[in-house]
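First comes the structure, then the notes that go with it.
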Amino acid sequence: MFVLLQDVQKHSVHTLVFRSLKRTHDMFVSDHAKAVALDDQSYKMKMAVKMRAEYKPVLHMPVLKEGRERGPLHASDPYGQLGYPLPGALPHYLVTGTHPYPSAPGVALTAETQMQKMPFLNSGLLPRKAPTMPKPQWHPPWKLYRVISGHLGWVRSIAVEPGNQWFVTGSADRTIKIWDLASGKLKLSLTGHISTVRGVAVSTRSPYLFSCGEDKQVKCWDLEYNKVIRHYHGHLSAVYDLDLHPTIDVLVTCSRDATARVWDIRSKANVHTLSGHTNTVATVKCQSAEPQVVTGSHDTTIRLWDLVAGKTRATLTNHKKSVRALVLHPRQYTFASGSPDNIKQWKCPDGNFIQNLSGHNAIINTLAVNSDGVLVSGADNGTIHMWDWRTGYNFQRIHAAVQPGSLDSESGIFACVFDQSESRLITAEADKTIKVYKEDDTATEESHPVNWKPEILKRKRF
Amino acid sequence: MSLASFLPAPTQLSQDQLEAEERSRLQRSQSTALVSTRREPPPYGFRKSWVPRSLEDFGDGGAFPEIHVAQFPLEMGRKKRTSNALAVQVDAEGKIKYDAIARQGQNKDKVIFSKYTDMLPKEVLNEDDPELQKPDEEAVQELTEKTRSALEKQVSQKIAAAMPVRAADKLAPAQYIRYTPSQQGLAFNSGAKQRVIRMVEMQKDPMEPPRFKINKKIPRGPPSPPAPVMHSPSRKMTVKEQQEWKIPPCISNWKNAKGYTIPLDKRLAADGRGLQTVHINENFAKLAEALYIADRKAREAVEMRAQVEKKMAQKEKEKKEEKLRELAKMARDRRAGIKAHGGEDTEVRERDEIRHDRRKERQHDRNISRAAPDKRSKLQRDQDRDISELIALGQPNPRTSSEAQYDQRLFNQNKGMDSGFAGGEDEMYNVYDQPFRGGRDMAQNIYRPTKSADKDMYGDDLDTLIKALFVMFVYCFTVTSGAHNVTMSRPVLGLFLIGSSQVLTTALAGMGLCSLRRILLVWTSSWKKPNSTEAPKGHPLVGAPRTTTMRRNAGRSETRSLYTQNVYSERARVIFYIYKW
């Protein structure tokens, strides 16, 4: 005994503890991840105790007759998920096709057809890949480059000539003025309207200028004589906008009388009256592909028109407030609409909703887009937002100062347009000026970085 | 062995359980049922309290006469129910097409969005995604052509309709129709078996007005059904938002019929004056500065000139005083019998002067007597008098001779001849109770001060000033008289009079002083040292504003009088009068 005691080597307590730890680890390392083995007896006891404690009042209730028939119902029973598979419960398949019959006449109920599952459920169960916003394209910021003052009233409309030599503005001072684009000098003033000129357009196919105004008049000016040569008479109220068809000689005007009218330019005949809107039609756009006419109205809808029949092709009711601006993308088969609640992008022939561009919380009066993918929205409070078309990223906000002598409340953008080279942005403003913006040449992606994170896109619906 | 196996089956089922059960039951029935069951009416004799309702209840037969309810076998006799409910439609996958209601009554190729997924944003696609590409040229061309032709047709129709006169329509060629009547026989069709009919369109008059009135307004057809609303209902407007949109009423600058209250700041803003800051040309400042400098210089110049003038005046005054003093000395010397070193000359000169005066007088008298000795009246004589003589004599102002003369006493009487003088009291003689031309005394018209003359000059406390002066005067008088009694050999007479002007006039008539009303102080004094030229001390009124010396050579006496201007104040007069004799 004494000898044995002597044999034991003396260790420090530290070493002993570590050894013990090691031994324990060695013993249990093999079944470390395993669940503790089930002890039948203890489990039974536990269940009994649990039943008595928690379910005693219902334990001896009379069993309903129909309850017996629900044998297979327990397959999806939440109580079966405890980790103890039901005895004899096989994986159960239901024929959950679109209908409880075989998918086609003559097809037998086989295992294969049995395996068919409901496609809707299936897709719902699969984890859908969360849509993320791609990195927006970088655009150089725009800066104010020239302020042209010359109108005596609000400047309500702009159009740039196809040759890019001059542009034309219509104003609340009842005049139409033609300005040199390069120098900003006034070239010509046209008088003839007796109220605000709300829309101007220059034809690409003829030396004609078209204008419409709140005096219900639509005029065709011959720019070789600078005289009115035609009147398109028929609107019952102020005419708010007009556009020319790019390939056919028709003119589409929209008015406060809740109609848009299609005019044959040569014969002045009112080809179609596009009625269906229930309020002022604020804006109209034409393109050569379907839909050939798109109108936006104060009744918060956008209508795509079938020009052949003169009927509505589709009605887009997604906006909550009046749609005052529309713009067609120069390259893509899409268009955008602006409303005080949102700017929305749509896919073309049918008007499928693409996305929202939210953040411009003002009455949006005008939209413009260039082929570079810069969308410009100008609002009634004088703010201009610049967006990346594809991703809807707002890369710049501009609020230009009003010209001296104006009230602060007189800052508002009524119309904006890119020139034909798309290097200048011309805006028509409520402070009676025309402002010209250009891209900042000195800016680089480093100096003006895109503030973007690859965050998960919030799926907003409106 | 699970807990669920011990428990009774749940009485309430969840939705998915219910659905699963439904499905399973359906499947079971499908799989097990071999023959479809048909509902049939219960056999005869078992129809108590059974009512046939549906079509199946009748089987193939008719109504049950023994059952006394309204029965509609084969739906006979039942009223047609007009319901606009839509039949359930299913799509290719067998799901119910709920958008059928949105499509109802719409054009078939019209695009209608009605699904929830139509509201969701799409995945962001690449720029060159085929979905986003515009249709190719050919498709566009085709569409353009189609549209153009359709529009042209429309336009031509419209233009034609708008034309007032158009060319007559071309008639269609005649049609020939072979006609075989059904009734054959000699009696019919004049015995012919067949006929050929030529059909010609009737000619229309192109100028014919429309036969039917088409100017009636045709009511519009029903509008197309509304498109499904694809947005959430708009939020209720908050109070803040409402207030943001509140536009205050327009109030005119000139009229405010409804009486709106205009805040002050708005009032000022509407005025437009505060809006632009007043910009003053800087030349105004320059001008003001130049004016200021010029003004200062001018003032300096004026001041300097005034100073120089003052100096000159002082010098002159000194010179005069010197002369006066000399004269006084001379007079004293003469009186004292002291001969000045040029005494004889002066006496001779004086005598010569007197002689000259006398000669002139005589000549004057002679001239007058020679001119018109008999016509010389008293009036004329009076006219010859100069003003000082007139004053001394107390003669009336002769200047009003050109006007008609009125008895002033008759003015300002409210009683006249009609009412009898003095209110009918003839006995009383009160018409001429005032002296004729009483107020026209020469002396009363001249030197009559205005009411507030001395107030303007001396301020309001003239009375107190006079009192103080008076006291001081008396004091000085006593002192000097006492002193002079001792030092001077000459008799000093102090005369202190307070009385009416009449007294004074009578007293001093010979001396040419008159119309002193209340106070007259005569103080005779002599200089301390007969030869000294310095001014006498202790004269309280030496520094009075203006002292004038008047020398009167009216012939009777030599008088040096020092009049002060305030002598003639209305209320009180102090005359400092040095009288020497």
Side-chain angles (χ1 to χ4, degrees), chain A residues 47 51 55 58 61 63-64 67 70 72-74 76-77 79-80 82 84 86-87 94-95 98-100 131 133-134 247-248 250 264 267 269 271-272 276 288-290 292 301 307-308 311-315 317-320 332-334 347 350-356 390-391 459-462, chain B residues 1-11 16-17 20-21 23-24 26-27 30-31 93-95 107 109-113 116 118-127 131-135 139-140 143-144 146-148 150-151 154-155 158-159 162 223-224 226-232 234:
Chain A
M47 291 310 286
M51 273 193 290
Y55 299 103
V58 295
M61 266 172 68
V63 178
L64 288 174
R70 283 190 193 129
L73 197 69
H74 293 287
S76 57
D77 208 329
Y79 301 116
L82 284 169
Y84 297 97
L86 289 171
L94 293 173
V95 179
T98 53
H99 43 86
M133 192 173 98
T247 50
I248 307 170
V250 290
D264 183 52
S267 65
V271 185
H272 285 304
S288 53
E290 283 291 347
Q292 299 191 55
T301 63
L307 187 58
V308 177
K311 284 187 176 143
T312 308
R313 206 182 128 85
T315 310
T317 52
N318 297 38
H319 278 294
K320 282 170 136 180
Q332 289 177 8
Y333 203 29
T334 54
K347 205 148 67 182
D350 289 342
N352 301 98
F353 175 62
I354 297 176
Q355 64 178 353
N356 275 318
R390 180 168 160 252
T391 54
R459 301 197 91 195
K460 272 187 197 162
R461 65 201 151 82
F462 291 97
Chain B
M1 205 46 200
S2 77
L3 185 60
S5 60
F6 295 107
L7 295 175
T11 52
D16 48 346
Q17 282 172 329
E21 186 191 1
R23 266 200 304 273
S24 63
L26 242 166
Q27 187 198 355
Q30 290 295 336
S31 52
E93 289 182 330
K95 280 187 278 185
N107 204 346
D109 52 351
K110 196 164 180 182
V111 182
I112 288 167
F113 299 105
Y116 164 74
D118 292 332
M119 291 196 282
L120 293 178
K122 303 286 174 297
E123 204 179 335
V124 176
L125 297 167
N126 275 328
E127 290 267 311
E131 268 189 71
L132 298 177
Q133 295 313 303
K134 286 198 170 186
V140 169
L143 178 69
T144 303
K146 190 179 138 207
T147 316
R148 191 203 307 278
L151 294 184
Q154 286 263 347
V155 169
K158 295 228 171 181
I159 288 176
S224 54
V229 176
M230 299 292 281
H231 59 76
S232 57
S234 52

Residue part contacting chain A, namely of B:D16, when any heavy atom lies under 4.5 Å: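 No part of it gets close to chain A.
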
Tell me, for B:P226 versus chain A, whether the close heavy atoms (under 4.5 Å) come from the side chain, the backbone, both or neither.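 It is neither, since no heavy atom gets under 4.5 Å.
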
Side chain to side chain, [X] and [Y], heavy atoms closer than 4.5 Å:
X	Y	result
A:D264	B:L151	no
A:T312	B:K110	yes
B:D109	A:R313	no

For [X] versus [Y], what's the shortest heavy-atom pair and its separation?
X	Y	result
B:L143	A:S288	CD2-O, 3.3 Å
A:H319	B:H231	O-CD2, 2.9 Å
B:I159	A:S267	CD1-CB, 3.5 Å
B:M230	A:N318	CB-OD1, 3.2 Å
B:T147	A:Q292	OG1-NE2, 2.8 Å
A:V308	B:K146	CG2-CE, 4.3 Å

For chain B, the option from A:V250, A:I248, A:T315, A:T334 that forms the most heavy-atom pairs under 4.5 Å: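 The residue among A:V250, A:I248, A:T315, A:T334 with the greatest pair count is A:I248.
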
Could you have a look at A:L307, A:D350, A:T317 and say which one has the most heavy-atom pairs with chain B under 4.5 angstrom?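 Of A:L307, A:D350, A:T317, A:T317 has the most heavy-atom pairs under 4.5 Å with chain B.
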
Gap separating the CG atom of A:N356 from the CE atom of B:M119, nearest 0.5 angstrom: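 Going from the CG atom of A:N356 to the CE atom of B:M119 covers 11.5 Å.
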
What is the distance from atom CZ of A:F353 to atom NZ of B:K122, rounded to the nearest 0.5 Å?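 Here the rounded value is 7.5 Å.
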
Might you confirm whether atom NZ of B:K134 has over 12 heavy atoms from other residues, nucleotides or ligands at distances under 6.0 Å?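 Enclosed: over 12 neighbouring heavy atoms sit under 6.0 Å from NZ of B:K134.
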
Most chain A-contacting option - heavy-atom pairs closer than 4.5 Å, from B:T144, B:V140, B:N107: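 If we count pairs closer than 4.5 Å to chain A, B:T144 comes out on top.
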
Under a 3.5 Å distance rule, please check whether A:K347 uses its side chain to pair with a backbone N or O of B:L132 as donor and acceptor.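 Flag not set: sc A:K347 to bb B:L132 has no pair under 3.5 Å.
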
